[in-house]
Amino acid sequence: MLRYLITTLLLISNVAAQTVCESSKSRCCTSFAPHNTYHPLFSDIILESGLFGGIIEQSNETCTSIQEIQGFSSSSPLVGSDVTICGAFVTRVVRNGFFIQEIAPANSDASSGIFVFKSGSFKDSLSEGLKINVSGEVKEYFGETQISMASAETLFDDEAKNILEPIVLRLPIESSTEFEKYEGMLVTVVPNEGNDIVVSEYYNFDRFGEVVVCSASTEAGRLYQFSEKESPDVTAYKAHLGMLSRSCLTIDDNNGSQNPNPALFGSIYAIDSTNYLRGGSVVNVLQGPLWYSFGKWRVATLKETDLLVDVTSNPRENAPTVTGDLIIANTNLLNFFTTFGSRGAENQDEYDRQAAKTIRALSEIDADIIGVQELENVSGNGAASTFAKLLNEAMPGRKYTFASIVAGYDKIGPDVIKVDILFDEAKLYLIGSALLTDDIVDPALLSASSTGSIFNGQSRVPIAATFGVRGKDEVLTVCVNHFKSKGDFDGNASGLDDDLGDGAAHFNLMRTLSAKALVSWLDSYPTGVMDDNVVLIGDFNSYSAEPPISEIKDSGYMLVDDGSYSYLFDGQFGKLDHVFLKASSKVDVEASIWHLNADELDYIDYRLRYGRNSAIFDGSIPQRFSDHDPSIVGVRFHDSFTSAPITFEPVTAAPVTSQPATAAPSQSTASKPMNISTMQQLLLLGLISAVFGLW
């Protein structure tokens, strides 16, 4: 009885305590008992009253446990109620509040932690392990159960400081609902046996400070797109999505501003062009309160011991070395435009930054032939001419030009972007070229299309070009492609081009028809040169196990890239950019992918949008010049041709004249197309005649 009387007197005395009133979001009046109002008897009552659930009486107040507030479902059963939490411990203090947790039975299915919303300087009085009483209203904010604090009081006694041990959370969890029972609690995240926690997604790092980490097999090193490994299938893809929901968490930077300076990974590590973070990097330590917001489960990392990433597990590397008589590269240019206001750079500053990174990357690759996608497609070939000029200035030993310029194509197809082929005229010459447009596509394929077209505003118009090697008798045909994307940005996908939920996304039929039309066209030797040394490269917008890739392989082409990845989307890696070799060719190839883009944060690319800090850009490094990784291919000709060099009449640069977007030559642009097989036969006959004295 005496203790309760003393308690009452102490509560009355707290009227004179410091009161902090704030107007943030209409929540005000936070009262703290000053340190000199502490009395051991008051604390004694709290400690005796019990903390393990239910409603308990304490100091004439009703106390509610965090577990009862959290309940057993995704939302609290006490939403809208005013509650008082007694004797919980602070686990972390964040910018707009703090997390508290009770000591509760380890086998409980209800969380014993919760977030308390309150901004302002009051947080300066809080520290990890501090014991506290909190009163406020229970709310659900974007799916997170939290307390909107009205008042709080810290409890100071010898037993009031308690640094809680985190709960071990193993990924992937058995059920996505398992996260709920740890909401607001301090957790340490570890992988299941045979897995690692790896950096998986960082698209929102620049704007929102978010990085997604996932549990992936140590052997794979990262999570892959479903249809990179498996054929599209509704049931299996649904299971794949379920696995993702159980495998991934988001690390936030504890900062509400966009593009902050410095940009911090997990509120700890400053990131820039030199201090980098790459996809696939192993996270060795991850701990903090588990919370939910904007559809994602998150971990609040606030001190160096909360987060440890091994960047050496996936370091930056130089361009891979491939060998051969010719080196071919393929790359998506991420919308290289010389006019502003459509795509690509929005102003001169962005353009200069984009050009610096792109030219640096291609200079390091140093290829004889470069296939490109997403080059501005305008009458006059302004972007192509400018690009070739920039590359030649950076590489004085080269003499690059575009096949479209030499062939006299003013524009390639109706799209605002095009594919093209850059080649070194000092080493190669163009024998013939051709474009694949709908007017020469099999009408049966066009009729199967959901839009009635394939290369007229859907997949970009492919270009094929046959090159001769100066001083040698070898020839090679290169075909560059850019199939229809997986997105339905205009809402035009329908029927079999709709997203069927099987992992192939939108326009899978369109891309498959594109593949059918492509291989049929190439079988006709459209450049006018009847030779099977044919290499297909480009952005096929299809993962390796999808029908368009199977269609090409089943039509006599070998997939020869290195089997890794070239693109990141939604936390999963896959290969959209492929290299094919015609099976009947007389060349050997080796191919590799340079992972300098997909693994890098777009935070360091050329763009300045959303108020990005321009100082972090470094044009002296090639990383993140695009969102796709470039392919690098070494081509080695067989030794079967040992005769004197075959002489062709190279195509000379024609004046650029306007032509309809749909116009496309169906044969070589060379003035005298040559049948190589016939030439070889004549040479062989001459050799036999000489031997027998019949020449």
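A quick note: this is a predicted structure, and the numbers were derived from the prediction, not measured.
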Are any of the side-chain nitrogens in [X] or [Y] under 4.0 Å away from the carboxylate oxygens of its partner?
{"X": "R298", "Y": "E210", "answer": "yes"}
{"X": "R316", "Y": "E600", "answer": "yes"}
{"X": "K486", "Y": "D499", "answer": "no"}
{"X": "D605", "Y": "K357", "answer": "no"}
{"X": "D349", "Y": "R607", "answer": "no"}
{"X": "E174", "Y": "R246", "answer": "no"}
{"X": "R609", "Y": "E346", "answer": "no"}

* Member of V213, L307, D252, V189 meeting the side chain to side chain contact (heavy atoms under 4.5 Å, CB included) criterion with V299 ->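 Single pass found, and it is V189.
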Distance-only donor-acceptor check, side chains [X] and [Y], under 3.5 Å:
{"X": "D627", "Y": "N597", "value": "no"}
{"X": "N195", "Y": "S217", "value": "no"}
{"X": "S75", "Y": "E140", "value": "no"}
{"X": "H595", "Y": "Q623", "value": "no"}

Not counting sequence neighbours, which residues clear side chain to side chain donor-acceptor pair (under 3.5 Å) with [X]? List them please.
{"X": "D618", "answer": "S620"}
{"X": "S293", "answer": "none"}
{"X": "R353", "answer": "none"}

* **Qualifying residue, where the test is side chain to side chain donor-acceptor pair (under 3.5 Å) with Q572 and the options are R222, E201, E228, H240** =>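 Testing Q572 for a side chain to side chain donor-acceptor pair (under 3.5 Å) against R222, E201, E228, H240 leaves exactly one candidate, H240.
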* Are V83 and T62 side-chain neighbours, meaning at least one heavy-atom pair lies under 4.5 Å? ->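 Heavy-atom side-chain distance check fails, nothing below 4.5 Å.
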* To do: Determine the interplanar angle of the Y224 and Y565 rings, folded into 0 to 90°, and report it as parallel if under 30°, tilted if 30 to 60°, perpendicular if over 60°.
  =>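 Perpendicular, since the angle between the ring planes exceeds 60°.
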* Asked: Taking the six-membered ring for Trp, are F117 and F115 parallel (under 30°), tilted (30 to 60°) or perpendicular (over 60°)?
  ->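 Because their plane-to-plane angle is over 60°, the rings of F117 and F115 count as perpendicular.
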* Asked: Shortest non-hydrogen contact from I147 to G136?
  ->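 Where I147 meets G136 most closely, the heavy atoms are CG2-CA, 3.8 Å.
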* So, for D272 and T274, which heavy atoms are closest and what is the spacing to 0.1 Å? ->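 It is OD1-N, 2.9 Å.
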Nearest 0.5 Å please: distance from the [atom1] atom of [X] over to the [atom2] atom of [Y].
{"X": "L286", "Y": "D306", "atom1": "CG", "atom2": "CG", "result": "8.0 Å"}
{"X": "S485", "Y": "H506", "atom1": "OG", "atom2": "NE2", "result": "10.0 Å"}
{"X": "R95", "Y": "S257", "atom1": "CZ", "atom2": "OG", "result": "8.5 Å"}

